[in-house]
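Since we're looking at a predicted model, the values are computed, not measured.
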Amino acid sequence: MSKILDLLIPARCASCGAPGAPCCATCQTAWGSLSEIIRGPTAGLVPVYALAPYADDARRLILAYKERGRRDLAPSFGRAVAEALVQLPEPEPCLVPVPSRRSASRVRGGPHVRRVAEECVKALADKGKSATVAPVLKLGSGVRDAVGLTRAQRSANLDGRIRLVAGACRERVVLLDDVITTGATAAACTRFLDISGIHVSAVVALAAAG
């Protein structure tokens with residue numbers, strides 16, 4: 001059915017509107033190599049990297065994916081992350097997606113970061129490289145939307161509300177997120193995994209705000 005719809009209604013780039021693909025070749029160049037991001041909560045805790053600033057094409061693509069139903073962007077995001085991961089000293093990365101609130105996941109058609117992680121694993125497999133996804137984190141009740149919250153409020157929002165889900169997970173993982181803002185979420189997830197016996201070697205995000 002999806003192939004028939006593609007013929008009847010060809011995909012358009014979610015950023016520039018060009019026909020032919022959810023993300024055209026030009027806009028795909030918004031994603032670059034890993035750039036280290038310094039944030040107070042993660043400083044000295046874990047290295048944090050982003051593929052792009054949260055602006056222009058990158059921002060439009062992420063907003064289309066998260067808020068406007070463009071789930072067809074997940075493969076292009078996954079390819080971008082796969083290209084960037086080769087810069088990390090992790091021969092077979094295990095990706096732990098940063099979890100979303102249940103209400104947000106429902107609106108976005110499921111855990112949107114997990115979807116990107118799964119597409120990343122597929123892209124790496126096409127390159128003959130092995131990787132896994134370990135969706136072992138979830139958020140408990142009472143977590144608010146983080147938009148507009150200060151760094152301190154973001155930390156308090158997650159305090160005691162991150163949970164571990166049963167499932168296979170390696171002792172060293174890469175934490176995957178969509179946008180790094182204050183770094184509070186990355187720090188909270190990293191600390192929680194650490195006390196659970198899981199070491200986060202790096203945090204990788206599609207984009208960094210600010």
Side-chain angles (χ1 to χ4, degrees), residues 13-15 22-23 27-37 39 41-42 46-85 88 93-123 131 133-139 143-149 151 154 157-158 162 173-190 193 200 202-210:
C13 176
S15 180
C23 179
C27 293
Q28 185 72 12
T29 62
W31 314 116
S33 57
L34 295 180
S35 296
E36 188 163 8
I37 306 301
R39 295 290 188 269
T42 55
V46 62
V48 179
Y49 304 95
L51 279 63
Y54 186 56
D56 303 324
D57 289 328
R59 183 176 184 274
R60 285 190 289 270
L61 290 166
I62 291 173
L63 284 177
Y65 177 60
K66 292 175 64 175
E67 312 300 343
R68 296 171 192 147
R70 291 298 303 267
R71 293 191 285 277
D72 55 350
L73 286 166
S76 66
F77 290 171
R79 289 192 297 272
V81 174
E83 292 289 341
L85 283 181
L88 296 179
C94 178
L95 302 176
V96 173
V98 168
S100 299
R101 294 176 300 123
R102 291 179 183 176
S103 58
S105 289
R106 285 195 295 269
V107 171
R108 296 166 184 165
H112 70 289
V113 179
R114 176 177 176 177
R115 192 182 301 124
V116 173
E118 290 169 345
E119 292 294 340
C120 174
V121 169
K122 293 178 185 178
V133 179
V136 294
L137 294 179
K138 72 174 183 178
L139 298 180
V143 177
R144 296 185 291 159
D145 187 344
V147 175
L149 298 183
R151 188 175 78 186
R154 285 171 181 258
N157 190 35
L158 294 173
I162 302 176
V173 301
V174 174
L175 190 66
L176 183 65
D177 204 354
D178 53 2
V179 181
I180 293 292
T181 49
T182 66
T185 299
C189 290
T190 297
L193 287 169
V200 179
V203 177
V204 173
L206 286 168

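- Of the possible polar contacts, none joining the Y65 side chain to the D72 backbone as a donor-acceptor pair under 3.5 Å is found.
- Atom SG in C27 sits 6.0 Å away from atom CG in L61 (nearest 0.5 Å).
- If you take CZ on F77 and CD on Q28, they are separated by 8.5 Å, rounding to the nearest 0.5 Å.
- With values rounded to the nearest 0.5 angstrom, S35 atom OG is found 8.0 Å from L51 atom CG.
- Between the NZ atom of K66 and the CZ atom of R71 there is a distance of 14.5 Å, given to the nearest 0.5 Å.
- A side chain to side chain contact (heavy atoms under 4.5 Å, CB included) with V204 is found for exactly one of L175, V174, I180, namely V174.
- The heavy-atom pair separating T181 from A209 by the smallest distance is CG2-CB, 3.9 Å.
- A distance of 7.5 Å separates SG in C13 from CZ in R70, rounded to the nearest 0.5 Å.
- Using a 4.5 Å cut-off on side-chain heavy atoms (C-beta onward), T190 and V203 make contact.
- The two atoms that bring A123 and A82 nearest to each other are CB-CB, 3.7 Å, heavy atoms only.
- Listed here is the closest heavy atom pair of V46 and V200: CG2-O, 3.6 Å.
- In terms of heavy atoms, R68 sits closest to R60 at NH1-O, 4.5 Å.
- In this structure, the side chains of V48 and R39 stay at 4.5 Å or more apart for every pair of heavy atoms.
- The closest side-chain heavy-atom distance from I37 to Y49 is not below 4.5 Å.
- Shortest non-hydrogen contact noted between A207 and I62 is CB-CD1, 3.8 Å.
- No side-chain donor-acceptor contact under 3.5 Å links R79 to the backbone of C120.
- Residues V116 and V81 meet the side-chain proximity criterion, which asks for heavy atoms closer than 4.5 Å.
- You'll find the side chain of L95 reaches within 4.5 Å of the side chain of L85, heavy atoms only.
- Salt bridge E119/K122: present, at least one basic N to carboxylate O contact under 4.0 Å.
- Looking only at side-chain heavy atoms (C-beta outward), C189 and P99 come within less than 4.5 Å of each other.
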inquiry  = If you apply the rule side chain to side chain contact (heavy atoms under 4.5 Å, CB included), what do you find for L206 with V179, and how did you get there?
reply    = CA-CA 6 Å; L206 286 168; V179 181; over 6 Å; no

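- P41 approaches A184 most closely through the heavy-atom pair CG-N, 3.9 Å.
- Screening V113, L193, V98 for a side chain to side chain contact (heavy atoms under 4.5 Å, CB included) involving L137 leaves a single residue, L193.
- A 6.0 Å sphere centred on CZ of R59 holds no more than 12 heavy atoms belonging to other residues, nucleotides or ligands.
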